[in-house]
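Accompanying notes for the structure given below.
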Amino acid sequence: MNDITTSERLCTKEEAIYLNYRFSDIVNIVGVGRVSSSIAHALFGKVEFGYVISRDIEKAKKLSKEINAVPKTYDDEFLLNGTVLLGLNDSTLPRAEELLSGKIGDITALHFSGFLTSDIFPSDWSPASMHPNCAVSSEWQDFKDIIFGIEGTKKGTEIAKDLITLLGGTFVEISKEEKPLYHLAAVIVSNFSVALSYLSSSIYKDIGFSDEQSRKIISTLLKSVSENISEKKLSDALTGPVKRGDWEVVEKEALIFKSKYPEYEKLYWMLVDILKKLE
């Protein structure tokens, strides 16, 4: 396994002034989604934007108005130069060269996928990837103190590091070979926790809680768990009957879980076994 290096750099006023000058040529957005829009909003006032390109001209116009850029569709005439931030989904990213055929000048291309590597882009694009380790659920995500996973060419990763500094984040350099594992780790905690929250919410609703009350309880619990994990080792962050060794409670709740979710009976015991490893 390759060594992982980290940076704790935050964007000071002096760095922001320097980097703003460095990026004053142009930054372009290709693909208007929550991540690309959030990053564009967070960079507004720190870089100069060129084009915003989308299949949907209305989406391009909306974001362009917010960041003072020029809206285009893939069918329009334009030529990309400078830094290009590609906010396309994982099924479309490999087709970026085709979508932008004949419209590429001298660029550094960066995408935000946590799974795909920079190798999906031509080498003469000086590609890199910068994936934010946060759940981006709106177009106005704050990236302060967020850790980005980055990889790619030397030029591409240097640009990524500078942009992340402007965003107020930090970064971890990962290898192309280990990127799928890196993404899996993020999926387990950020996606699977929502699946478990669904099961929990269903039980709360069955006993009379409203949807709003259920979500409030779940979010409060998850927030406290997150804070514990941030401050303590995982073994010390764990609470509840497994941690206490209340096996009678564990057994009784297993029967309740089976009656409620018979199709997921094995899931309960699999999770208990994982928690036992933290003892």
Side-chain angles (χ1 to χ4, degrees), residues 32-42 59 62-63 66 87 89-91 112-115 131-149 167-170 182-244 246 249-278:
V32 179
R34 286 177 293 190
V35 177
S36 58
S37 294
S38 290
I39 287 179
H41 289 141
K59 287 184 177 181
K62 179 178 181 295
L63 182 58
E66 294 166 347
N89 61 39
D90 283 6
S91 61
F112 311 118
S113 172
F115 183 77
H131 171 253
N133 281 279
C134 60
V136 180
S137 59
S138 78
E139 298 176 352
W140 298 91
Q141 176 71 41
D142 182 6
F143 296 100
K144 187 177 185 304
D145 298 329
I146 296 300
I147 299 175
F148 285 72
L167 293 168
T170 62
Y182 154 85
H183 189 247
L184 174 60
V187 166
I188 289 172
V189 68
S190 65
N191 294 179
F192 291 177
S193 60
V194 177
L196 294 176
S197 295
Y198 166 77
L199 299 180
S200 176
S201 176
S202 179
I203 293 174
Y204 280 128
K205 291 177 185 177
D206 283 351
I207 59 177
F209 289 76
S210 68
D211 179 69
E212 182 179 359
Q213 290 171 327
S214 299
R215 288 187 289 107
K216 179 64 175 178
I217 293 172
I218 292 169
S219 64
T220 301
L221 286 169
L222 289 176
K223 182 178 180 180
S224 63
V225 170
S226 175
E227 290 173 349
N228 286 342
I229 291 173
S230 176
E231 299 170 0
K232 306 173 183 178
K233 296 187 300 182
L234 290 179
S235 58
D236 294 331
L238 178 64
T239 63
V242 173
K243 174 71 172 182
R244 297 190 299 267
D246 291 336
V249 173
V250 173
E251 293 280 353
K252 288 181 178 179
E253 290 188 338
L255 294 175
I256 298 171
F257 188 90
K258 180 181 179 180
S259 66
K260 175 66 179 174
Y261 303 113
E263 68 273 34
Y264 302 132
E265 179 185 7
K266 292 182 179 179
L267 174 64
Y268 180 93
W269 287 113
M270 290 170 69
L271 292 174
V272 168
D273 286 342
I274 292 172
L275 294 178
K276 285 181 179 180
K277 296 180 183 296
L278 298 176

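The analysis underlying the following values was restricted to heavy atoms, covering all of them including side chains, and did not include hydrogens, waters or symmetry mates. None of the values given here were measured: they were computed from a predicted structure.
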| Checking salt bridge (charged side-chain N to carboxylate O under 4.0 Å, His left out) for the pair Lys277/Asp273: CA distance, chi angles, key distance, verdict? | CA-CA 7 Å; Lys277 296 180 183 296; Asp273 286 342; over 6 Å; no
| request: Flag the pair Asp246 and Arg244 as a salt bridge only when some basic side-chain nitrogen lies within less than 4.0 angstrom of an acidic carboxylate oxygen. | output: yes
| message | Tell me if a side-chain donor or acceptor on Lys243 pairs with a main-chain N or O of Lys276 at a distance below 3.5 Å. | response | no
| Chi angles and distances behind the salt bridge (charged side-chain N to carboxylate O under 4.0 Å, His left out) call for Glu212, Lys216 | CA-CA 6 Å; Glu212 182 179 359; Lys216 179 64 175 178; over 6 Å; no
| task | Mind telling me whether His41 and Trp140 have parallel, tilted or perpendicular rings, with 30° and 60° as the class edges? | result | parallel
| Closest heavy-atom contact between Ile256 and Ser259? | O-OG, 2.7 Å
| task | Report the C-alpha separation of Val250 and Trp269 in whole Å, then their side-chain angles, then the decisive distance to 0.1 Å, and conclude whether the side-chain contact (heavy atoms from CB on, under 4.5 Å) test is met. | result | CA-CA 9 Å; Val250 173; Trp269 287 113; 3.9 Å; yes
| Any side-chain heavy-atom pair of Ser113 and His131 under 4.5 Å | no
| remark: The reported gap from CG in Leu267 to CD in Glu265 (rounded to nearest 0.5 angstrom) is 10.5 Å
| task | May I ask you to test the Phe112-Asn89 pair for a side-chain heavy-atom distance under 4.5 Å? | result | no
| request: State the CD1-OG distance between Ile207 and Ser214, to the nearest 0.5 angstrom. | output: 8.0 Å
| At their closest point, which heavy atom of Asp211 faces which heavy atom of Lys205, and how far apart are they? | OD1-NZ, 3.0 Å
| remark: On a heavy-atom basis, the closest approach of Leu63 and Ala40 is CD1-CB, 4.3 Å
| Is it the case that more than 12 heavy atoms not belonging to Ile218 sit under 6.0 Å from its CD1 atom? | yes
| field | Distance (rounded to the nearest 0.5 Å) between Cys134 SG and Lys144 NZ | value | 14.0 Å
| task | Give every residue pair that meets the ring pair (Phe, Tyr, Trp, His ring centres under 6.0 Å) criterion with at least one member in residues 208-237, sequence neighbours excluded. | result | Tyr204-Phe209
| Side-chain heavy atoms of Asn133 within contact of Tyr182, under 4.5 Å | yes
| task | May I ask you to check whether Tyr264 and Phe257 place their ring centers less than 6.0 Å from one another? | result | no
| What orientation do His183 and Phe115 show, parallel under 30°, tilted 30 to 60°, or perpendicular over 60°? | perpendicular
| field | Min side-chain heavy-atom separation Thr170-Asp145 under 4.5 Å | value | no
| Which value, rounded to the nearest 0.5 Å, describes the distance between Asp236 atom CG and Ile229 atom CD1? | 12.0 Å
Enumerate donor-acceptor pairs with a distance under 3.5 Å from any side-chain N or O in residues 184-202 to protein atoms, sequence neighbours excluded.
| residue | atom | partner | partner atom | Å |
| --- | --- | --- | --- | --- |
| Ser190 | OG | Ala186 | O | 2.7 |
| Ser193 | OG | Val189 | O | 2.6 |
| Ser193 | OG | Ser190 | O | 3.4 |
| Ser197 | OG | Ser193 | O | 2.8 |
| Ser202 | OG | Lys260 | NZ | 3.4 |
| Ser202 | OG | Tyr261 | OH | 3.4 |

| What distance do Thr239 atom OG1 and Leu275 atom CG have between them, rounded to the nearest 0.5 Å? | 9.5 Å
| Closest approach of Ser38 and Gln141, non-hydrogen atoms and distance? | OG-N, 3.0 Å
| said: Give me the atom names and distance for the closest heavy-atom approach of Pro241 to Glu253. | reply: CG-OE1, 4.5 Å
| query | Got a second to check how far Glu139's CD is from Lys62's NZ, nearest 0.5 Å? | reply | 4.5 Å
